[in-house]
Number of protein chains: 2
Amino acid sequence: MATGRTHRPATRSRGIPEATVARLPLYLRALTALSERSVPTVSSEELAAAAGVNSAKLRKDFSYLGSYGTRGVGYDVEYLVYQISRELGLTQDWPVVIVGIGNLGAALANYGGFASRGFRVAALIDADPAMAGKPVAGIAVQHTDELEKIITDNGVSIGVIATPAGAAQQVCDRLVAAGVTSILNFAPTVLSVPEGVDVRKVDLSIELQILAFHEQRKAGEEASSQDAAQPVTPPVRPAPADDSDRKGPDGDVPAVMPA
Amino acid sequence: MATGRTHRPATRSRGIPEATVARLPLYLRALTALSERSVPTVSSEELAAAAGVNSAKLRKDFSYLGSYGTRGVGYDVEYLVYQISRELGLTQDWPVVIVGIGNLGAALANYGGFASRGFRVAALIDADPAMAGKPVAGIAVQHTDELEKIITDNGVSIGVIATPAGAAQQVCDRLVAAGVTSILNFAPTVLSVPEGVDVRKVDLSIELQILAFHEQRKAGEEASSQDAAQPVTPPVRPAPADDSDRKGPDGDVPAVMPA
DNA sequence: CCATCTTTGTGCACGCGTTCACAAAGACAT
DNA sequence: ATGTCTTTGTGAACGCGTGCACAAAGATGG
């Protein structure tokens with residue numbers, strides 16, 4: 001999963017819990033696959049397995065949307081696809097701009113998953129003048145100067161930031177000022193935005209770090225990985241402000257385990 | 001934030017809550033930035049602001065690691081950087097393989113955030129024979145046939161999947177069979193893995209769909225967006241199994257709103 | 001029309017995560 | 001030393017999310 005949330009504090013949107021909203025796209029994908037195989041109906045058990053969740057959770061999630069199932073039978077696939085799409089707002093067209101056409105930006109522009117879900121790449125924007133006019137994924141890259149005009153002309157409300165970290169906040173400010181109210185941020189920075197603007201963050205490095213944590217834990221289950229050769233410099237515990245005597249050569253106090 | 005979780009059920013890893021682990025990389029990044037500016041100490045309030053979280057939450061998070069602060073002063077930046085790095089397992093070197101060198105895979109290979117955090121790209125793997133040998137981000141792409149050998153020779157335990165959805169499960173199975181126990185999945189599929197293997201999922205399209213949901217909600221606050229022209233075909237509510245008479249030409253029952 | 005079987009929808013309890021609010025700890029000045 | 005001021009670390013309360021378990025609803029067969 002992508003990570004940084006920044007979900008709305010506790011504002012259950014129209015009674016639908018955030019956690020449920022986050023799972024609807026999962027269900028939708030599984031349902032779409034069933035639809036393509038012309039499967040007419042599906043039980044909560046089957047669909048839950050396909051989406052990788054608990055069937056009770058799935059049923060509760062759907063109960064927030066309404067009673068769309070038939071007891072003894074299951075859910076009508078086509079009907080449910082439509083209902084979830086409508087709930088997620090995918091029955092309308094969402095123009096999206098991608099700012100920062102580096103490796104990642106180009107990958108995003110080429111990503112097929114967008115177009116298939118009601119999202120349309122309205123423009124690709126980059127600060128490098130050398131990029132301007134160059135076609136990426138069949139769309140000519142435009143210069144940052146055009147940003148405001150592009151946003152307003154196309155009625156864009158969703159922006160994707162794929163710039164280096166240093167430029168992200170500035171780009172964000174301009175997007176918001178121009179009218180964008182939802183931002184998907186790939187830059188490794190915390191963006192500050194005014195009230196009413198949604199930010200979701202995808203951070204590749206954070207995901208890896210979380211994996212590393214669990215990996216270390218698995219590996220260190222038996223081997224007490226602690227006294228292994230430390231590749232990085234272990235800094236000393238800052239002295240208790242009593243400057244009179246510094247800790248002797250024993251240094252590196254092993255910082256007692258929490259529990 | 002990247003999305004699909006698949007966190008371990010309820011196995012609080014060594015007493016540190018999952019939610020806390022997920023935030024540690026955030027703190028680490030903020031601390032690293034402070035460190036580069038040679039800031040010696042930082043208060044929970046300041047650091048929390050930099051990381052975009054609540055200060056009480058931050059203090060509680062740190063309390064799971066130990067008592068690393070000094071009352072009346074704050075936290076020693078260098079010391080905390082080291083402690084968090086160690087906790088996350090970033091003081092050791094993690095060889096990583098990336099499978100699927102398309103647009104996204106190439107972007108990941110070029111992403112600087114990996115190397116700077118103890119992650120080392122050990123190999124790039126692709127199924128296309130035409131890719132074999134071609135250098136991406138300074139590393140020669142290798143063919144899928146070599147996958148098992150690469151994993152075992154380099155002692156790789158973390159794999160990144162950036163293949164098309166159709167190939168993901170197969171690649172996953174081979175990675176796991178070869179000894180990988182942590183997987184970061186960018187393919188839009190639910191991966192099934194044996195017990196003991198961690199999977200984290202990053203799904204670009206899901207993030208956008210969640211944004212669209214909130215965006216629709218904002219837009220539809222006053223305008224009852226419901227009776228606007230529907231671009232997609234609204235399927236009829238499946239008839240109550242009474243096959244005797246099908247709904248006449250009136251068809252399209254507008255599917256009563258849930259609430 | 002009745003009985004049986006399947007599957008949904010949900011009331012309820014439990015546990016995790018968040019937040020408040022404050023006592024304890026240490027810095028710093030006098 | 002003593003007192004004041006700052007900031008941490010945490011006990012406790014609360015709310016959200018999850019999962020169990022079951023009653024109700026409808027299909028299906030006789």
Side-chain angles (χ1 to χ4, degrees), chain A residues 5-13 15-24 27 40-49 51-77 79-80 83 237-244 256 258-259, chain B residues 5-13 15-24 27 40-49 51-76 79-80 83 237-244 258-259:
Chain A
R5 286 306 171 89
T6 318
H7 27 201
R8 52 195 60 257
T11 319
R12 250 199 234 191
S13 317
I16 302 181
E18 261 310 296
T20 295
V21 173
R23 277 188 296 268
L24 289 182
Y27 302 144
T41 63
V42 66
S43 72
S44 65
E45 203 70 50
E46 294 166 328
L47 184 53
V53 302
N54 182 306
S55 73
K57 196 187 296 188
L58 178 142
R59 288 198 300 276
K60 179 145 292 193
D61 282 343
F62 286 173
S63 79
Y64 291 115
L65 308 183
S67 285
Y68 293 152
T70 304
R71 297 176 190 230
V73 175
Y75 299 91
D76 181 274
V77 173
Y79 188 64
L80 201 47
Q83 290 300 340
R237 167 100 212 206
D242 188 354
D243 243 4
S244 61
V256 273
Chain B
R5 289 303 173 92
T6 317
H7 26 202
R8 53 195 59 257
T11 319
R12 247 199 236 194
S13 316
I16 301 181
E18 263 305 301
T20 295
V21 172
R23 277 188 296 268
L24 290 182
Y27 302 144
T41 62
V42 65
S43 72
S44 65
E45 202 70 49
E46 293 166 328
L47 184 54
V53 302
N54 183 307
S55 73
K57 195 187 297 190
L58 177 141
R59 286 199 301 277
K60 178 141 291 195
D61 283 342
F62 286 174
S63 79
Y64 291 114
L65 308 183
S67 285
Y68 293 151
T70 305
R71 297 174 190 230
V73 175
Y75 299 92
D76 182 274
Y79 188 62
L80 201 47
Q83 288 301 340
R237 168 97 211 208
D242 189 353
D243 240 5
S244 59

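Convention: sequence-line order gives letters A, B, ...; per-chain numbering from 1. As a basis for the values below, the full set of heavy atoms in this structure was taken, side chains included, without hydrogen atoms, waters or symmetry mates.
You'll find that the side chain of B/Ser63 is closest to D/dG9, out of D/dG9, C/dT10, C/dA27. Of the candidate nucleotides C/dG9, C/dC20, D/dA27, C/dG9 has the atom lying nearest to any side-chain atom of A/Tyr75. Distance from the side chain of A/Pro17 is smallest for D/dG17 among the nucleotides C/dG9, D/dG17, C/dG17. For A/Lys60, whose side chain is taken as the heavy atoms from C-beta onward, the closest listed nucleotide among D/dA12, D/dG19, C/dT8 is D/dG19.
Interatomic distance, OG1 of A/Thr41 versus CG of A/Leu80, reported as 11.5 Å (0.5 Å rounding).
A straight line from CZ of A/Arg59 to P of D/dA21 spans 13 Å, rounded to a whole angstrom. Atom CD1 of B/Ile16 is separated from atom C1' of C/dG17 by 15 Å (rounded to the nearest Å). B/Leu65 places its CG atom 14 Å from the C1' atom of D/dT8, with the value rounded to the nearest Å. The interatomic distance linking B/Asn54 (CG) with C/dA21 (C1') rounds to 13 Å, in whole Å. In this entry the distance linking CD of B/Glu18 with P of C/dG15 reads 18 Å, nearest Å. Computed from coordinates, the B/Asp61 CG to C/dT19 P distance equals 11 Å when rounded to whole Å. Computed from coordinates, the B/Glu46 CD to D/dT7 P distance equals 8 Å when rounded to whole Å. Atom CG of A/Leu80 and atom P of C/dT8 are 11 Å apart (whole Å).
Between A/Arg71 and A/Arg23, the residue anchored closer to the 5' end of DNA chain D is A/Arg23, taking for each the nucleotide with the nearest heavy atom.
Taking the centre of each ring, B/Tyr79 and B/Tyr68 come in below the 6.0 Å mark.
Remark: B/Ser43 engages B/Glu45, B/Glu46 in a side chain to side chain contact (heavy atoms under 4.5 Å, CB included) (not counting sequence neighbours).
For B/Lys57, a side-chain nitrogen or oxygen approaches OP1 or OP2 of C/dT19 to under 4.0 Å. Phosphate proximity of C/dT8 to A/Ser44: present, with a side-chain N or O under 4.0 Å from OP1 or OP2.
In terms of heavy atoms, A/Asp61 sits closest to A/Tyr27 at OD2-OH, 2.5 Å. Scanning all heavy atoms of the two residues, the minimum distance from B/Ser44 to B/Tyr75 falls at CB-CE1, 4.0 Å.
Among the protein residues, A/Phe62 comes within range of no part of the nucleic acid, since none of its heavy atoms lies under 4.0 Å from any strand.
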